[in-house]
Q: 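Have a look at the structure that comes next, please.
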Amino acid sequence: MKVRCGRTNLWIGTAAVGFLSVSLACGGGETIVERTVVVEKPVVQTVVVEKPVEKVVQQTVVVEKPIEKVVVATPTPAPPVTKPAQVGTLVVGLAKVEPPIFLPSESAFSSAVFNAYSGVFESLFRRTFAEPPAVGDESGEGIATSWVVAPDNSKITFKIRSGVTFHKGFGELTAEDVAFSFNDAMKEGSKFGRAGELRRFMDRWEAVDKNTAVVYLKQGQFDATWWTSQDNTNGNYVPLVSKKFFDQKGAAAALTSMVATGPFEAITWTGGKELVAEAVPAHWRAIS
């Protein structure tokens with residue numbers, strides 16, 4: 001600002017450098033008074049203030065994300081998973097443990113009875129369940145699912161169940177295994193407890209196909225009790241064993257093979273001492 005006597009001139013401006021100059025002049029002389037005033041820039045202050053506001057908004061977004069996570073991370077807790085009961089061990093005391101004899105022809109009466117109730121072997125037929133002391137009826141619930149006696153009593157034709165497997169990975173039981181087991185049990189020189197009884201009316205067994213076995217009967221010798229002597233309630237039935245094992249390993253190995261089809265698989269078997277067996281988890285009688 002400059003002011004002179006007699007006439008007044010007014011100039012106001014804001015220097016870019018932020019100070020104001022004021023000059024006063026009267027008469028012939030001129031006195032200049034200069035003062036520097038620092039002016040704060042409100043625009044700069046506004047920007048500075050606005051940025052924290054923006055930051056606050058951004059912080060609000062950041063805060064909201066953990067809240068969402070908390071909601072997801074804290075659902076109603078699921079009930080703990082209950083594990084199935086562990087498989088237990090059943091210990092049975094016996095007066096005698098027979099040696100592991102798996103070939104029917106080598107199984108004398110005492111061995112055959114022990115084998116029949118060991119749970120390791122299976123019979124050709126099974127009766128329906130009945131509350132003891134009653135005995136169930138004939139059924140197709142066993143390895144033989146059905147059978148037909150020829151009108152002239154010359155033969156009996158059996159249908160063999162599919163899906164019955166041997167222990168230790170020796171494949172599926174077939175009609176060949178059934179025929180092999182019975183032929184071995186009643187061959188000449190057999191020690192099997194019922195060998196003579198079987199030979200009296202049975203001539204031979206043959207496998208027609210995978211699931212069909214035929215026993216040819218001796219003329220006029222048909223035995224009306226043929227079924228009951230080979231069901232699961234009889235203590236001296238023919239145990240069904242693997243022909244495949246016999247063919248691959250030989251008679252000596254097959255004698256103590258511990259390969260059968262029962263619900264228990266023999267792990268160790270020491271005559272006169274103990275039989276240790278494990279339950280077969282996917283046994284056909286458990287899933288059929």
Q: Answer whether the closest heavy-atom distance between the side chains of Leu198 and Trp226 falls below 4.5 Å.
A: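 No - every pair of side-chain heavy atoms lies 4.5 Å or more apart.
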Q: Checking Asn234 against Arg127: is there a side-chain donor and acceptor pair closer than 3.5 Å?
A: no
Q: Between Phe121 and Tyr237, is the ring centre distance below 6.0 Å?
A: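 No, the ring centres sit 6.0 Å or more apart.
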Q: Atom CZ of Phe222 and atom OG of Ser154: how far apart are they, to the nearest 0.5 Å?
A: 10.5 Å
Q: Is it true that Thr165 and Glu172 share a donor-acceptor pair across their side chains at a distance under 3.5 Å?
A: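 The criterion, which ignores hydrogens and geometry beyond distance, is not satisfied for Thr165 and Glu172.
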Q: Are Ile156 and Val148 side-chain neighbours, meaning at least one heavy-atom pair lies under 4.5 Å?
A: no
Q: Say whether Ser105 and Asp184, considering side chains only, have a donor N or O and an acceptor N or O under 3.5 Å apart.
A: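 Short answer, yes.
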Q: May I ask you to decide whether Lys244 forms a salt bridge with Glu176, counting only side-chain N to carboxylate O separations under 4.0 Å?
A: no
Q: Can you confirm whether more than 12 heavy atoms, excluding those of Lys249, are under 6.0 Å from its NZ atom?
A: no
Q: Side chains of Ser111 and Phe109: does their closest heavy-atom pair fall under 4.5 Å?
A: no
Q: Could you tell me whether the side chain of Thr145 and the main chain of Arg161 form a donor-acceptor pair under 3.5 Å?
A: no
Q: Determine yes or no for a side-chain-to-main-chain donor-acceptor pair under 3.5 angstrom, with Lys96 supplying the side chain and Phe114 the backbone.
A: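 Here the side-chain-to-backbone pair does not exist.
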Q: What I want to find out is whether Arg126 reaches Glu141 closely enough, with some N-O distance under 4.0 Å, to be called a salt bridge.
A: no
Q: When you look at Phe182 and Phe192, which way does the side-chain contact (heavy atoms from CB on, under 4.5 Å) test go after all the steps?
A: CA-CA 10 Å; Phe182 273 89; Phe192 182 65; over 6 Å; no
Q: Report the C-alpha separation of Ile101 and Leu255 in whole Å, then their side-chain angles, then the decisive distance to 0.1 Å, and conclude whether the side-chain contact (heavy atoms from CB on, under 4.5 Å) test is met.
A: CA-CA 6 Å; Ile101 298 177; Leu255 177 62; 3.8 Å; yes
Q: Answer with yes or no whether the side chains of Glu138 and Trp147 bring together a donor and an acceptor at under 3.5 Å.
A: no
Q: Take Val164 and His283, measure what side-chain contact (heavy atoms from CB on, under 4.5 Å) needs, and give me the verdict at the end.
A: CA-CA 8 Å; Val164 178; His283 191 264; 6.0 Å; no
Q: Using the ring of each side chain (for Trp, its six-membered ring), is Phe180 parallel, tilted or perpendicular to Phe246, with breaks at 30° and 60°?
A: tilted
Q: Any salt bridge linking Arg199 with Glu197? Criterion: basic side-chain nitrogen under 4.0 Å from a carboxylate oxygen.
A: no
Q: Let's go through Gln221 and Gln219 carefully: what are the C-alpha distance in whole Å and the side-chain angles of both, what is the deciding distance for side-chain contact (heavy atoms from CB on, under 4.5 Å) to 0.1 Å, and is it a yes or a no?
A: CA-CA 6 Å; Gln221 298 298 318; Gln219 185 176 6; over 6 Å; no
Q: Do Asn232 side-chain atoms and Ser123 backbone N/O form a donor-acceptor pair below 3.5 Å?
A: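 Absent.
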Q: We want to know whether Asp209 and Thr212 form a side-chain donor-acceptor pair, criterion being a heavy-atom distance below 3.5 angstrom.
A: yes
Q: Looking only at side chains, do Ser162 and Asn211 share a donor and an acceptor under 3.5 Å apart?
A: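 Side chains of Ser162 and Asn211: pair found under 3.5 Å.
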Q: For residues Glu274 and Trp269, determine if any side-chain heavy atom of one lies less than 4.5 Å from a side-chain heavy atom of the other.
A: no
Q: Look at the side chain of Ser242 and the backbone N and O of Phe245, then say whether any donor-acceptor pair between them is shorter than 3.5 Å.
A: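 Side chain of Ser242 to backbone of Phe245: a pair is present.
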